[in-house]
K.L.:
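I'd like to ask some things about the structure below.
So you know, we letter chains A, B, ... as the sequences are listed, proteins then strands, and number each from 1.
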Amino acid sequence: MLLDDVAGASAQVAATRSRLAKRAVLVDVLRRAAGDGAQDVAIVSRYLGGELRQRRTGLGWRSLAAMPGPADVPTLTLRDVDAAFAHMAGLSGPGSATARTDAARALFAAGTEREQHLLRGLVSGELRQGALDALLLDAVAEAAGVPADAVRRAAMLAGETEAVAVAALTAASPDDARAALDAFTLTVGRPVRPMLAQSAPDVATAVAQLAGITDAPAAQVVVDTKLDGIRIQVHRDGDDVRVYTRSLDDITARVPEIVAAVRALPARTLVLDGEALALDADGRPRPFQETASRSATRDADLAASATLTPFFFDVLHVDGRDLLDAPLHERLAVLDQVAAPHVVERVVTSDAAAAAEHFRAVVAAGQEGVVVKAADAPYEAGRRGSAWVKVKPRHTLDLVVLAVERGSGRRSGTLSNIHLGARDPAGGFVMLGKTFKGMTDEMLAWQTQRFRELEVADDGWTVTLRPEQVVEIAFDGLQRSTRYPGGLALRFARVLRYRDDKAAADADTIDTVRSHLA
DNA sequence: TTCCGACAGTGGGGTCGCAAT
DNA sequence: ATTGCGACCCCACTATCGGAA
């Protein structure tokens, strides 16, 4: 199969907003790939899902700045392209960046216009065709003649889509495809996609949301402490322990202390879900940046200078027993038995006030917040299910917009990403970060016009403003910054509303911001 | 007929390792 | 030694489609 076939399909998918029409295009190209064999199905399913098959190629958006013009006639086969990226991914050492760029040039020179567009999207990870993994899974189901639920479940348990697409689409019949999908079961040593949480503004709202979905008579909820670290999924088979991140990256070699902790637990086989973070001598959590630094380093000496402590909040398998479909309260009973010293602190209650009290207590102890969970819900791998709801404290500030950047994609033509400054009592403003979050289309339209009125300079990307417009910003906390002059940056800043009732002189000062550090 | 769950998009700050400068 | 890039870690929020109610 030619890359051009996939490029054409991707363009068709991007050209319609109807998800059914997108799916129909995906189904057609998946069926054609199936006729060309398993390898083409593997490549097509990756590319239509917006990814290359190579996890890291060393090639990114910036490397593609100077690529040659397009070819007139499509000649690239999918296998050519996959082999080219595999080659690039394998390069390392002095001269490798040049060799990689040369290989990319040769590949792009052979690509037609729409093929180049597809390649850019795959390399940058921003295909922007309005369809990624979820719609692709639906298309795989339709193309193979099997229920969408069966494909989705297989992909969640496999931790990936490619193998599932190949199994479903290379089967001789829908019955065979169904059997092939059912063969994807929870396997110790193969990570599953982690269950995710929705969010709520406060504990009472979270409890009320769960009351709507649970069948438990007293509407019991589990209130788990939410730790500010990195998500880990740990598999143990005897002495063999593997540690995976939320994106299912294997980081076992970087975290020997977690391996040791899990080896010491009283079970032969285990699959645990939890969080790892750096603690100080008193057991209080260190800032997220320290956990991130420690978990990212591959240097053994650096790694030894700080340790991560694992805490688990779920168990998916223990000694031959799968627990994915067991209700949470059952899983937690097992978790308490097998992971006792490393279990996240929790409260189980039907009383919203008790849940709120736990939230206050854990935040006072320096933790990030809580996750409120339906006690009778199964583990929904890979889904942002309604059974888990996270709650975190929210801070707000009134800041001044210092500049604004042009938007891209559906925000093209608007002024989108705003630069935020706190008032400096000594004069001027101190920039604390940027945000594009929380804006409705109406706000985007309004601010695009408003900021043109305040414009003092425009370099083609960023428009500098007279510092007059006040905006109310929500954020999760402050972090140390080497990028911004105050040495501080807002974490997860988002717009709540523009404050036309306030002048810049009424905005919060950098001193007020610092007081949030306590 | 209306409602709402799920998805994709639009980007944020920080950290590391590596190759080039 | 410093800088720029790629790859990940954490992520919030809105608009939209189409099935559920």
K.L.:
Would you sort out whether T252(A) and D250(A) count as a side chain to side chain donor-acceptor pair (under 3.5 Å), showing the intermediate values?
P.N.:
CA-CA 6 Å; T252(A) 306; D250(A) 185 337; 2.6 Å; yes

K.L.:
Report yes if at least one side-chain N or O of T482(A) is closer than 4.0 Å to OP1 or OP2 of dG14(B); otherwise report no.
P.N.:
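It does not, given that no N or O in the side chain of T482(A) lies less than 4.0 Å from OP1 or OP2 of dG14(B).
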
K.L.:
Among dA19(B), dA12(C), dG6(C), find the nucleotide with the atom closest to the side chain of S92(A).
P.N.:
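The closest nucleotide is dA19(B).
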
K.L.:
Would you say N417(A) reaches dG12(B)'s phosphate, i.e. side-chain N/O to OP1/OP2 under 4.0 Å?
P.N.:
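True: N417(A) side-chain N/O within range (under 4.0 Å) of dG12(B) OP1/OP2.
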
K.L.:
Roughly, in whole Å, what's the span from CD1 in I473(A) to P in dG13(B)?
P.N.:
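After rounding, the gap between these two atoms is 12 Å.
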
K.L.:
Please state whether the phosphate of dA20(B), meaning OP1 or OP2, lies under 4.0 angstrom from any side-chain nitrogen or oxygen of T98(A).
P.N.:
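Indeed, a polar side-chain atom of T98(A) lies that close.
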
K.L.:
Which nucleotide, dA12(C), dG13(B), dT10(B), lies nearest any side-chain atom of S408(A)?
P.N.:
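Out of dA12(C), dG13(B), dT10(B), the nucleotide with an atom closest to S408(A)'s side chain is dT10(B).
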
K.L.:
Looking only at side-chain N and O atoms, does R56(A) come under 4.0 Å of OP1 or OP2 in dC18(B)?
P.N.:
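No, outside the criterion.
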
K.L.:
5'-most contact on DNA chain B: A97(A) or L490(A), nearest heavy atom basis?
P.N.:
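Going by which nucleotide is closer to the 5' end, it is L490(A).
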
K.L.:
Within the structure shown, what part of the strands sits under 4.0 Å from T435(A) by heavy-atom distance: base, sugar-phosphate, or nothing?
P.N.:
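Contact class for T435(A): none.
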
K.L.:
Can you give me the closest heavy-atom contact between G58(A) and S63(A), atom names plus distance?
P.N.:
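In this case the closest contact between G58(A) and S63(A) is O-OG, 4.4 Å.
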
K.L.:
Closer than 4.0 Å, any side-chain N/O of Q289(A) to the OP1 or OP2 of dT15(B)?
P.N.:
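The answer is yes; a side-chain N or O of Q289(A) sits under 4.0 Å from OP1 or OP2.
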
K.L.:
Out of dG14(B), dA15(C), dG12(B), which nucleotide sits closest to the side chain of K434(A)?
P.N.:
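The nucleotide sitting nearest to the side chain is dG12(B).
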
K.L.:
Could you state the CD1-P distance from I230(A) to dC11(C), rounded to the nearest angstrom?
P.N.:
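For the pair I230(A) CD1 and dC11(C) P, the rounded distance is 11 Å.
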
K.L.:
For atom CD of E345(A), decide whether the heavy atoms of other residues, nucleotides or ligands shown that lie under 6.0 angstrom number more than 12.
P.N.:
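Not buried by this count: 12 neighbours or fewer within 6.0 Å.
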
K.L.:
In whole Å, I'd like the distance from the CZ atom of R491(A) to the P atom of dA12(C).
P.N.:
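Between P of dA12(C) and CZ of R491(A): 9 Å.
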
K.L.:
So which of L272(A), D224(A), L227(A) actually passes side chain to side chain contact (heavy atoms under 4.5 Å, CB included) with F311(A)?
P.N.:
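It is L227(A); the other options fail the test.
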
K.L.:
So, does R483(A) get its side chain near the phosphate of dG13(B), meaning an N or O under 4.0 Å from OP1 or OP2?
P.N.:
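Answer yes for this pair, as a side-chain N or O of R483(A) is under 4.0 Å from OP1 or OP2.
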
K.L.:
Select base, sugar-phosphate, or nothing to describe what A493(A) touches, counting heavy atoms under 4.0 Å on all strands.
P.N.:
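A493(A): no heavy atom of the nucleic acid under 4.0 Å.
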
K.L.:
Under a 3.5 Å cut-off for both distances, is dC7(B) Watson-Crick or wobble paired, and to whom?
P.N.:
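Paired with no nucleotide.
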
K.L.:
I need the CG-C1' distance between L122(A) and dG6(C), as an integer number of Å.
P.N.:
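Going from L122(A) (CG) to dG6(C) (C1'), I get 16 Å.
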
K.L.:
Ring-plane angle category for W388(A) and F313(A), please: parallel below 30°, perpendicular beyond 60°, tilted otherwise.
P.N.:
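Ring orientation, 0 to 90° scale: perpendicular.
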
K.L.:
Has T291(A) got a side-chain N or O lying under 4.0 Å from the OP1 or OP2 atom of dC9(C)?
P.N.:
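Answer is no, no contact under 4.0 Å.
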
K.L.:
It should be established whether R298(A) places a side-chain nitrogen or oxygen under 4.0 Å from OP1 or OP2 of nucleotide dG17(B).
P.N.:
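No.
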
K.L.:
Return yes if a side-chain donor-acceptor contact under 3.5 Å exists between Q469(A) and R450(A), otherwise no.
P.N.:
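Their side chains do contain a donor-acceptor pair, which is all the 3.5 Å distance test asks for.
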
K.L.:
Quick one: R411(A) CZ to dT16(C) P, roughly how many Å, whole number?
P.N.:
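Roughly 12 Å, once rounded to whole Å.
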
K.L.:
Start at the 5' end of DNA chain C and walk down; is the nucleotide closest to V123(A) or to M439(A) reached first?
P.N.:
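Result: V123(A).
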
K.L.:
Which nucleotide wins on minimum distance to the side chain of F288(A), given the candidates dG13(B), dC11(C), dC5(C)?
P.N.:
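Ranking dG13(B), dC11(C), dC5(C) by closest atom to the F288(A) side chain puts dG13(B) first.
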
K.L.:
Would you indicate which nucleotide in dC7(B), dT14(C), dC9(C) comes nearest to any side-chain atom of T440(A)?
P.N.:
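Nearest to the side chain of T440(A) among the choices is dT14(C).
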
K.L.:
Ignoring the backbone of R62(A), work out which of dG6(C), dA12(C), dC9(C) is nearest its side chain.
P.N.:
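When the side chain of R62(A) is considered, dG6(C) is the closest of dG6(C), dA12(C), dC9(C).
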
K.L.:
Which nucleotide wins on minimum distance to the side chain of S247(A), given the candidates dC10(C), dC7(B), dC9(C)?
P.N.:
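The answer is dC9(C), which lies nearest to the side chain.
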
K.L.:
Pick base, sugar-phosphate or nothing for S199(A), based on heavy-atom distances below 4.0 Å to the nucleic acid.
P.N.:
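No contact at all - S199(A) keeps every heavy atom at 4.0 Å or more from the nucleic acid.
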
K.L.:
On DNA chain B, does the nearest nucleotide to L91(A) precede the nearest nucleotide to Q129(A) from the 5' side, or the other way round? Give the residue.
P.N.:
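Upstream on the strand: Q129(A).
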
K.L.:
Looking at residues at least two apart in the chain, or sitting in another chain, which of them share a salt bridge (Lys or Arg N to Asp or Glu O under 4.0 Å) with D325(A)?
P.N.:
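Salt bridge (Lys or Arg N to Asp or Glu O under 4.0 Å) list for D325(A), sorted by chain: R153(A).
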
K.L.:
For dG11(B) and S416(A) - does any side-chain N or O of the residue sit under 4.0 Å from the phosphate oxygens OP1/OP2?
P.N.:
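Affirmative; the distance criterion is met.
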
K.L.:
Tell me which of R231(A) and T57(A) sits closer to the 5' end of DNA chain C, going by the nucleotide each one is nearest to.
P.N.:
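Taking each residue's closest nucleotide, the earlier one in sequence belongs to T57(A).
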
K.L.:
Pairing donors with acceptors under 3.5 angstrom, does anything connect the side chains of D249(A) and S247(A)?
P.N.:
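No, no side-chain donor-acceptor pair sits under 3.5 Å.
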
K.L.:
Tell me which nucleotide among dG9(B), dG14(B), dG18(C) gets nearest to the side chain of S18(A).
P.N.:
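Nucleotide nearest to S18(A)'s side chain: dG18(C).
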
K.L.:
Does one side chain, of T512(A) or T509(A), offer a donor that lies under 3.5 Å from an acceptor on the other?
P.N.:
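On atom types as modelled, these side chains qualify, holding a pair under 3.5 Å.
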
K.L.:
What N/O pairs connect the protein and nucleotides 19-21 of chain C at under 3.5 Å? Give each pair on its own line.
P.N.:
none

K.L.:
Taking atom C1' of dC10(C) as reference, at what distance in whole Å does atom CD of E275(A) sit?
P.N.:
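To the nearest whole Å, that distance equals 9 Å.
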
K.L.:
Of the candidate nucleotides dG13(B), dA12(C), dT15(B), which contains the atom at the shortest distance from the side chain of D476(A)?
P.N.:
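The listed nucleotide nearest to D476(A)'s side chain is dA12(C).
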
K.L.:
May I ask you to evaluate whether R494(A) reaches the phosphate of dC13(C), defined as a side-chain N or O under 4.0 Å from OP1 or OP2?
P.N.:
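Checking R494(A) against dC13(C): at least one side-chain N or O falls below 4.0 Å of OP1 or OP2.
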
K.L.:
Under 4.0 Å between any heavy atoms, over every strand shown, what does D441(A) touch: base, sugar-phosphate, or nothing? Just pick one.
P.N.:
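Sugar-phosphate, backbone atoms only, no base.
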
K.L.:
Would you tell me if any nitrogen or oxygen in the side chain of K22(A) comes within less than 4.0 Å of OP1 or OP2 on dT16(C)?
P.N.:
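Indeed not, no polar side-chain atom of K22(A) lies that close.
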
K.L.:
Centre of F288(A)'s six-membered ring, under 6.0 Å away, within 45 degrees of the axis: is that where NZ or CZ of R491(A) sits?
P.N.:
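Ring-cation test returns yes.
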
K.L.:
For R152(A) and dC7(B), is the shortest distance between a side-chain N/O and OP1 or OP2 below 4.0 Å?
P.N.:
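True: R152(A) side-chain N/O within range (under 4.0 Å) of dC7(B) OP1/OP2.
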
K.L.:
Does a nitrogen or oxygen in the side chain of T297(A) sit under 4.0 Å from OP1 or OP2 of dG17(B)?
P.N.:
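Answer yes for this pair, as a side-chain N or O of T297(A) is under 4.0 Å from OP1 or OP2.
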
K.L.:
Of all the choices, dG12(B), dT10(B), dA12(C), which nucleotide is nearest to the side chain of K392(A) once you look at every atom?
P.N.:
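Closest of the options to the side chain of K392(A): dA12(C).
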
K.L.:
Using 30° and 60° as the class boundaries, would you call the ring planes of H395(A) and H516(A) parallel, tilted or perpendicular?
P.N.:
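Geometry flag for H516(A) against H395(A): perpendicular rings.
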
K.L.:
Mind calculating the distance between CZ (R254(A)) and C1' (dA7(C)) to the nearest angstrom?
P.N.:
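Rounded to the whole Å, the gap is 10 Å.
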
K.L.:
Kindly say if R55(A) contacts the phosphate of dC8(C), meaning a side-chain N or O under 4.0 Å from OP1 or OP2.
P.N.:
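Yes, R55(A) has a side-chain N/O under 4.0 Å of OP1/OP2 on dC8(C).
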
K.L.:
Give the rounded distance in Å between these two atoms: CD of E51(A) and C1' of dA7(C).
P.N.:
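Roughly 13 Å, once rounded to whole Å.
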
